[in-house]
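Ligands are counted one by one from 1 in listed order, and the atoms in each one are counted from 1 as well.
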Amino acid sequence: MTQDELKALVGQAALQYVNPGEVVGVGTGSTVDKFIDALVTIKDSVPGAVSSSNRSTDRLRAHGIRVLDAGEVSKLAVYIDGADEIDGRGFMIKGGGAALTREKIVADLAERFVCIADESKLVQTLGAFPLPVEVIAMAVPQVIRRFEALGGQAQVRSGVITDNGHPIVDVRGLSITDPLGMETEVNQWPGVVTVGIFARHRARVCLLGTAAGVKTLNF
Ligand code: 5RP
């Protein structure tokens with residue numbers, strides 16, 4: 001199976017976590033695009049979605065699915081999103097699509113984060129994928145220096161400004177053995193809007209697309 005077919009497989013499998021009559025949280029990315037396409041088939045039982053990006057909002061609306069503002073709900077039963085990396089504890093790196101801040105905001109509303117990913121995303125230790133960090137422009141040089149002091153190589157993602165109007169810094173060369181500790185530390189740095197480590201908002205379930213079908217990991 002191709003990577004695209006594996007993404008479609010887990011996008012479809014995620015429907016089982018969507019409760020009829022309940023608003024669903026929707027992430028961002030090529031895997032989530034497949035989920036949104038699958039969601040159309042049950043859209044009459046879904047009152048709406050809270051979206052984590054302009055990209056997903058556009059796709060949801062194009063499919064006739066109502067999009068609510070995050071402020072219109074106080075909680076969500078489930079948030080469904082992809083990941084750039086996920087480890088055996090449900091900790092993730094996210095933000096490859098530059099939507100990490102809104103993804104964390106919507107994930108925070110949800111009781112359960114269901115990650116959908118093809119098997120290439122499952123890793124022992126986070127960090128081979130460059131860690132995305134959304135940063136207020138004025139703080140970028142200092143944030144880069146701080147990552148360099150930790151042994152990383154950080155650079156601004158060329159040509160990308162987030163839905164919130166900020167640049168993204170990508171950090172290579174980190175081995176993130178303590179995701180919770182690093183998320184907590186980087187969150188303290190002035191000018192950091194969001195670090196793409198999802199440890200506090202880790203996945204509770206991962207639907208992993210494999211050649212043998214969908215494997216469900218519970219954390
Ligand atoms: C976007 C994200 C995505 O979930 C992540 O990049 C995975 O994307 P894809 O499903 O296209 O591989 O965090 O900010």
Side-chain angles (χ1 to χ4, degrees), residues 1-15 17 24-39 49-60 70 78-87 90-110 112-123 126-135 156-172 176 179 183 186 192-210 214 217:
M1 253 189 275
T2 64
Q3 195 179 27
D4 203 53
E5 287 167 339
L6 294 177
K7 288 178 182 189
L9 199 66
V10 292
Q12 178 73 34
L15 291 184
Y17 290 89
V24 59
V26 174
T28 299
S30 56
T31 316
V32 167
D33 284 349
K34 304 289 189 194
F35 167 64
I36 294 172
D37 295 347
L39 196 57
V50 176
S51 164
S52 61
S53 63
N54 294 339
R55 168 182 171 158
S56 289
T57 296
D58 290 347
R59 196 174 187 92
L60 286 160
V78 69
Y79 174 65
I80 294 172
D81 198 357
D84 298 303
E85 287 184 345
I86 182 164
D87 74 9
F91 296 141
M92 295 169 286
I93 285 184
K94 291 186 45 54
L100 65 166
T101 296
R102 295 188 187 195
E103 289 173 343
K104 217 174 253 193
I105 291 169
V106 186
D108 191 56
L109 288 167
R112 183 149 67 154
F113 190 133
V114 175
C115 177
I116 49 176
D118 66 84
E119 60 190 341
S120 71
K121 307 292 184 68
L122 185 63
V123 298
L126 301 177
F129 188 92
L131 175 66
V133 188
E134 184 168 352
V135 181
V156 175
R157 195 181 300 178
S158 173
V160 172
I161 293 292
T162 68
D163 288 351
N164 314 304
H166 304 299
I168 295 276
V169 169
D170 290 311
V171 191
R172 291 172 172 75
I176 305 172
E183 182 182 27
V186 177
V192 168
V193 178
T194 303
V195 57
I197 300 172
F198 281 56
R200 294 178 180 277
H201 298 87
R202 71 188 169 96
R204 298 294 164 169
V205 177
C206 179
L207 302 176
L208 202 66
T210 76
V214 178
L217 310 176

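- Residue nearest to atom 1 (C) of ligand 1, selected from E103, K94, E85: E103 (by heavy-atom distance).
- Annotation for ligand 1: atoms under 4.0 Å from non-hydrogen atoms of G95 are 2 (C), 13 (O), 14 (O).
- With hydrogens and angles disregarded, no donor-acceptor distance shorter than 3.5 Å links the side chain of S52 to the backbone of R102.
- Distance CG/D37 to CD/Q12: 10.0 Å, rounded to 0.5 Å.
- Taking a cut-off of under 4.0 Å to the non-hydrogen atoms of G82, the atoms of ligand 1 that pass are 4 (O).
- Counting the atoms of ligand 1 from 1 in the order shown, those under 4.0 Å from a heavy atom of D81 are 4 (O).
- Contact annotation for P132 and ligand 1: no heavy atom of the residue comes within less than 4.0 Å of the ligand.
- Considering backbone and side-chain N/O of G29, none are found under 3.5 Å from N/O of ligand 1.
- Each of V192, I168, T194, V193 was checked for a side-chain contact (heavy atoms from CB on, under 4.5 Å) with V133, and the lone residue meeting it is V192.
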Walk me through whether E134 and K104 qualify under salt bridge (Lys or Arg N to Asp or Glu O under 4.0 Å). CA-CA 12 Å; E134 184 168 352; K104 217 174 253 193; over 6 Å; no
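- Given atom 12 (O) of ligand 1, the protein heavy atom at minimum distance is K121 NZ, 2.7 Å.
- Annotation: the span from S53 atom OG to N164 atom CG amounts to 10.5 Å, rounded to 0.5 Å.
- To the nearest 0.5 Å, atom OH of residue Y17 and atom CD1 of residue I116 are 11.5 Å apart.
- Set against the non-hydrogen atoms of G96, the atoms of ligand 1 under 4.0 Å away are 6 (O), 13 (O), 14 (O).
- Looking only at protein heavy atoms, the nearest one to atom 11 (O) of ligand 1 is S30 OG, 2.5 Å.
- Listed by number with element, the atoms of ligand 1 under 4.0 angstrom from any heavy atom of A98 are 14 (O).
- In terms of protein heavy-atom proximity, atom 10 (O) of ligand 1 is closest to T31 OG1, 2.6 Å.
- Backbone and side-chain nitrogen or oxygen atoms of G97 are examined, and one is located within less than 3.5 angstrom of a nitrogen or oxygen of ligand 1.
- At a cut-off of 3.5 Å, with distance as the only test, a side-chain donor of D118 or S120 sits close to an acceptor on the other residue.
- Residue contact check for ligand 1: G27 places no non-hydrogen atom closer than 4.0 Å to it.
- Short contacts between ligand 1 and A99, defined as distances under 4.0 Å to a heavy atom of the residue, involve ligand atoms 14 (O).
- Of all atoms in ligand 1, numbered sequentially from 1 with element shown, those under 4.0 Å from a heavy atom of T28 are 1 (C), 2 (C), 3 (C), 4 (O).
- In this model, no donor atom of one side chain and acceptor atom of the other lie less than 3.5 Å apart for S56 and S51.
- Of all the atoms in ligand 1, the ones that sit under 4.0 Å from a non-hydrogen atom of D84 are 5 (C), 6 (O), 7 (C), 13 (O).
- K121 contributes a side-chain N or O that, together with a main-chain N or O of A83, makes up a donor-acceptor pair within less than 3.5 Å.
- Under 4.0 angstrom from ligand 1, there are no non-hydrogen atoms of S53.
- Once rounded to the nearest 0.5 Å, the distance linking CD1 of I176 with CD1 of I197 reads 4.0 Å.
- Rounding to the nearest 0.5 Å gives a distance of 11.0 Å between CG of L126 and CD of E183.
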